[in-house]
Undergrad: 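My questions will all concern the structure given below.
As the structure lists them, so they are numbered: ligands from 1, and atoms in each ligand from 1. Quick caveat, the model's predicted, so the values are computed rather than measured.
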Amino acid sequence: MPEAPKEPQKATEYDVEEKNKKTLEFIEDVTANADQVQKRVLAEILSRNAHVEYMKRNGLNGHTDRETFKKIIPVITYEDIQPDITRIANGDKSPILCSQPISEFLTSSGTSGGERKLMPTIEEELGRRSLLYSLLMPVMSQFVPGLDKGKGMYFLFIKSEAKTPGGLVARPVLTSYYKSSHFKNRPYDPYTNYTSPNETILCLDSYQSMYSQMLCGLCQNKEVLRVGAVFASGFIRAIRFLEKHWALLCKDIRTGTLNPQITDPSVREAVMKILKPDPKLADFIEAECCRELWQGIITRLWPNTKYVDVIVTGTMSQYIPTLDYYSNGLPLVCTMYASSECYFGVNLNPLCKPSDVSYTLIPTMAYFEFLPVHRNNGGINSISMPKSLNEKEQQELVDLVDVKVGQEYELVVTTYAGLYRYRVGDVLRVAGFKNNAPKFNFICRKNVVLSIDSDKTDEVELQNAVKNAVTHLMPFDAHLIEYTSYADTTTIPGHYVLYWELSINGSTPIPPSVFEDCCLTIEESLNTVYRQNRVCESIGSLEIKIVDAGTFDKLMDYAISLGASINQYKTPRCVKFAPIVELLNSKVISSNFSPKCPKWTPGHKQWNNTN
Ligand code: AMP
């Protein structure tokens with residue numbers, strides 16, 4: 001198997017050019033030999049795990065070849081292995097899915113039964129994640145030279161963790177990574193030279209973390225060559241934070257003293273190493289922030305910035321206009337595609353337009369298979385997606401090197417950590433090839449209708465939440481005739497909007513407080529990731545807009561005028577198309593917001609968590 005590039009240990013030993021060359025050779029090598037690498041990855045996973053309970057249960061009998069594997073092992077979703085996951089979570093340490101000990105659970109933003117999915121992981125997976133990260137900058141430096149001469153201002157955060165009843169830690173994959181020695185004790189590398197000290201990233205209090213990261217970024221503004229966050233929504237939240245707090249930040253920069261609300265001693269110590277009284281810089285920042293328009297604020301405050309490094313593919317594309325505005329059209333760079341299950345691939349042409357972004361899957365990360373997607377009526381987000389595959393469908397899965405350009409597929413992975421033929425839930429389209437490894441456009445997450453940040457709300461969840469909420473209308477003899485929803489990102493943070501058309505038979509007018517109760521009931525009914533994002537203020541209060549009688553008939557007329565078939569027309573449960581949103585907004589009678597945050601606690605509701 002091609003060897004991953006080795007890490008040098010000291011700054012003096014560091015040869016950027018040499019390291020970049022080795023990394024690019026590695027990419028050439030694994031993509032040229034994609035099929036052989038995949039074959040070896042599968043054989044390695046299967047031979048290591050030949051004796052685990054899952055393999056015995058399915059009767060693979062130690063076979064390690066693709067043909068037998070595909071014949072014997074079923075293609076599954078999370079629900080199929082949930083009983084196994086629950087056993088591991090409850091403390092069963094026997095090798096159920098993986099021969100190596102499960103080191104922790106990674107909590108996915110994908111949910112099952114309203115709770116985050118738990119992805120088992122093993123210690124060595126951290127090495128694979130680090131490897132994928134190490135590919136990003138050598139690729140980037142082919143297009144933007146000199147990035148080793150300055151810093152990256154990245155807003156990175158950890159989230160709270162929980163313990164399963166059996167004592168395993170459960171936390172998001174990035175929290176796990178930032179807390180690992182792979183990140184904290186990373187060897188010297190000019191490409192992981194960030195303006196945020198580790199302590200500011202590792203602070204759980206989101207205000208202190210954001211404030212201190214922003215302050216350090218401003219203090220080192222001239223050194224910053226690239227800015228970013230993981231997802232576009234996170235970066236926009238940081239700009240919003242600056243809008244709210246620039247006066248306080250400037251005060252700290254002017255005086256060289258730190259806001260007393262930053263109470264975490266390690267954060268204070270780390271920030272005080274960077275913060276020096278700088279009245280000139282404070283004046284400059286103040287003058288820029290005082291301007292009425294914040295267009296181009298990124299390039300004004302961080303004048304040497306070459307690009308914005310954030311994911312703007314998938315639902316994050318809704319933030320492109322806002323990012324363009326704040327960055328004066330700097331390139332928006334999507335570098336990688338990853339998940340809690342597995343890190344998948346990198347964008348080898350990072351300066352391309354967001355709409356052209358494609359990710360090359362790195363064949364050493366896992367064994368990949370692809371289930372062709374057959375669209376029915378052009379849609380793939382329908383709730384009628386089959387849950388488990390029949391025999392014929394199981395045979396349709398193709399290997400990495402056998403996918404066809406232009407065809408859409410659902411990604412299926414077999415990982416070192418014990419997921420076998422697992423449907424990730426992402427739909428990808430083949431954009432082309434890098435040597436023998438395909439490059440994929442990210443199309444969508446199956447079934448998701450609404451998303452603002454890491455939340456992924458599907459049609460069924462929305463439907464149930466609405467069903468719970470309408471009970472508040474019963475005393476008024478009012479009924480919901482039709483509804484749809486919209487992810488409104490014109491507000492920061494964005495929020496869910498529901499458009500409701502009612503039939504009201506009772507004579508008592510419905511007071512606004514009742515609609516507010518409906519908003520809160522919907523929020524309380526949505527999944528844990530939504531509620532956590534609400535509590536962390538990454539999503540704003542849910543809004544119900546009551547529309548005039550007959551609005552949804554007009555919506556249908558409009559859809560039909562655009563060519564929809566009258567027989568097959570169904571009210572879309574989510575709208576995105578601007579003219580339709582405008583039509584709905586023109587019919588709004590009243591607007592109502594959730595009066596408070598829904599309840600949320602870390603961990604699964606079945607667990608007794610103390611933190
Ligand atoms: P999680 O399991 O919470 O880590 O979320 C992983 C999911 O986020 C993936 O399965 C995708 O649906 C989405 N995702 C990750 N990277 C990207 C990307 N570069 N573009 C679009 N969606 C992404």
Undergrad: Quick test: of every protein heavy atom, which one is nearest to atom 20 (N) of ligand 1, and how far off is it to 0.1 Å?
TA: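 For atom 20 (N) of ligand 1, the nearest protein heavy atom comes out as T313 OG1, 2.6 Å.
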Undergrad: So which protein heavy atom does atom 8 (O) of ligand 1 come closest to, and at what separation?
TA: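 Heavy-atom neighbour on the protein nearest atom 8 (O) of ligand 1: K456 NZ, 4.1 Å.
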Undergrad: Between F183 and R186, is there a cation-pi geometry (under 6.0 Å to ring centre, at most 45° from the normal)?
TA: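 Positive - R186 is close enough to the ring of F183 and near enough to its axis.
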Undergrad: At a 4.0 Å threshold, what atoms of ligand 1 neighbour a non-hydrogen atom of Y359?
TA: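 So the atoms of ligand 1 that pass are 18 (C), 19 (N), 20 (N).
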Undergrad: Specify side chain, backbone, both or neither for A338, according to which of its non-hydrogen atoms lie closer than 4.0 Å to ligand 1.
TA: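 Near ligand 1, A338 shows its backbone, while the atoms from C-beta on stay back.
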Undergrad: For atom 23 (C) of ligand 1, tell me which residue out of F344, Y343, F442 has the closest non-hydrogen atom.
TA: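 Nearest heavy atom to atom 23 (C) of ligand 1 lies in F442.
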Undergrad: Within a distance of under 4.0 Å, is there any protein heavy atom near atom 13 (C) of ligand 1?
TA: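 Answer no: nothing from the protein, no heavy atom, is under 4.0 Å.
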Undergrad: For E396, I'd like to know if atom CD has over 12 heavy atoms of other residues, nucleotides or ligands within 6.0 Å.
TA: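 It does: E396 CD has more than 12 such atoms within range.
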Undergrad: Could you tell me whether R445 and ligand 1 have an N or O pair separated by under 3.5 Å?
TA: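 Checking ligand 1 against R445, an N or O pair does fall under 3.5 Å apart.
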Undergrad: Are R421 and F69 in a cation-pi contact, defined as NZ or CZ under 6.0 Å from the six-membered ring centre and within 45° of the axis?
TA: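 Positive - R421 is close enough to the ring of F69 and near enough to its axis.
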Undergrad: Salt bridge or not between D455 and R534? Use side-chain N to carboxylate O under 4.0 Å.
TA: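 Salt bridge flag = no for R534 with D455.
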Undergrad: Taking atom types as modelled and ignoring hydrogens, do the side chains of N447 and E459 form a donor-acceptor contact shorter than 3.5 angstrom?
TA: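 No pair is found: no donor N or O on one side chain lies under 3.5 Å from an acceptor on the other.
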Undergrad: Atoms of ligand 1 less than 4.0 Å from S109 heavy atoms?
TA: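 So the atoms of ligand 1 that pass are 1 (P), 2 (O), 3 (O), 5 (O).
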Undergrad: Among all protein non-hydrogen atoms, which one is nearest to atom 9 (C) of ligand 1, and what is the separation to 0.1 Å?
TA: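 The answer is D426 OD2, 3.2 Å.
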Undergrad: I'd like to know if the side chain of Q100 pairs up with that of E123 as donor and acceptor (distance under 3.5 Å, no hydrogens or angles considered).
TA: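 The criterion, which ignores hydrogens and geometry beyond distance, is not satisfied for E123 and Q100.
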Undergrad: Any side-chain heavy atom of Y486 sitting closer than 4.5 Å to one from V449?
TA: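 In short, these two side chains do not touch, never coming nearer than 4.5 Å.
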Undergrad: Would you kindly check if the NZ (Lys) or CZ (Arg) of R128 is within the cone defined by 45 degrees around the ring axis of Y416 and under 6.0 Å from the six-membered ring centre?
TA: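 So R128 does make the cation-pi contact.
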Undergrad: Carefully, step by step, assess Y367 and D399 under the rule side-chain hydrogen bond (donor to acceptor under 3.5 Å, both in side chains).
TA: CA-CA 9 Å; Y367 175 63; D399 276 324; 2.5 Å; yes
Undergrad: So is there a nitrogen or oxygen of Y337 less than 3.5 Å from a nitrogen or oxygen in ligand 1?
TA: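 No; the residue has no nitrogen or oxygen that sits under 3.5 Å from a nitrogen or oxygen of the ligand.
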Undergrad: Near S340, which atoms of ligand 1 are under 4.0 Å from a heavy atom of that residue?
TA: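 Those of ligand 1 that fall under 4.0 Å from S340 are 1 (P), 2 (O), 3 (O), 4 (O).
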Undergrad: Is there a nitrogen or oxygen of S339 sitting under 3.5 Å from a nitrogen or oxygen of ligand 1?
TA: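 In this structure, S339 places no N or O atom under 3.5 Å from an N or O of ligand 1.
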Undergrad: Just which atoms of ligand 1 are under 4.0 Å from any heavy atom in M336?
TA: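 It comes down to these atoms of ligand 1: 19 (N).
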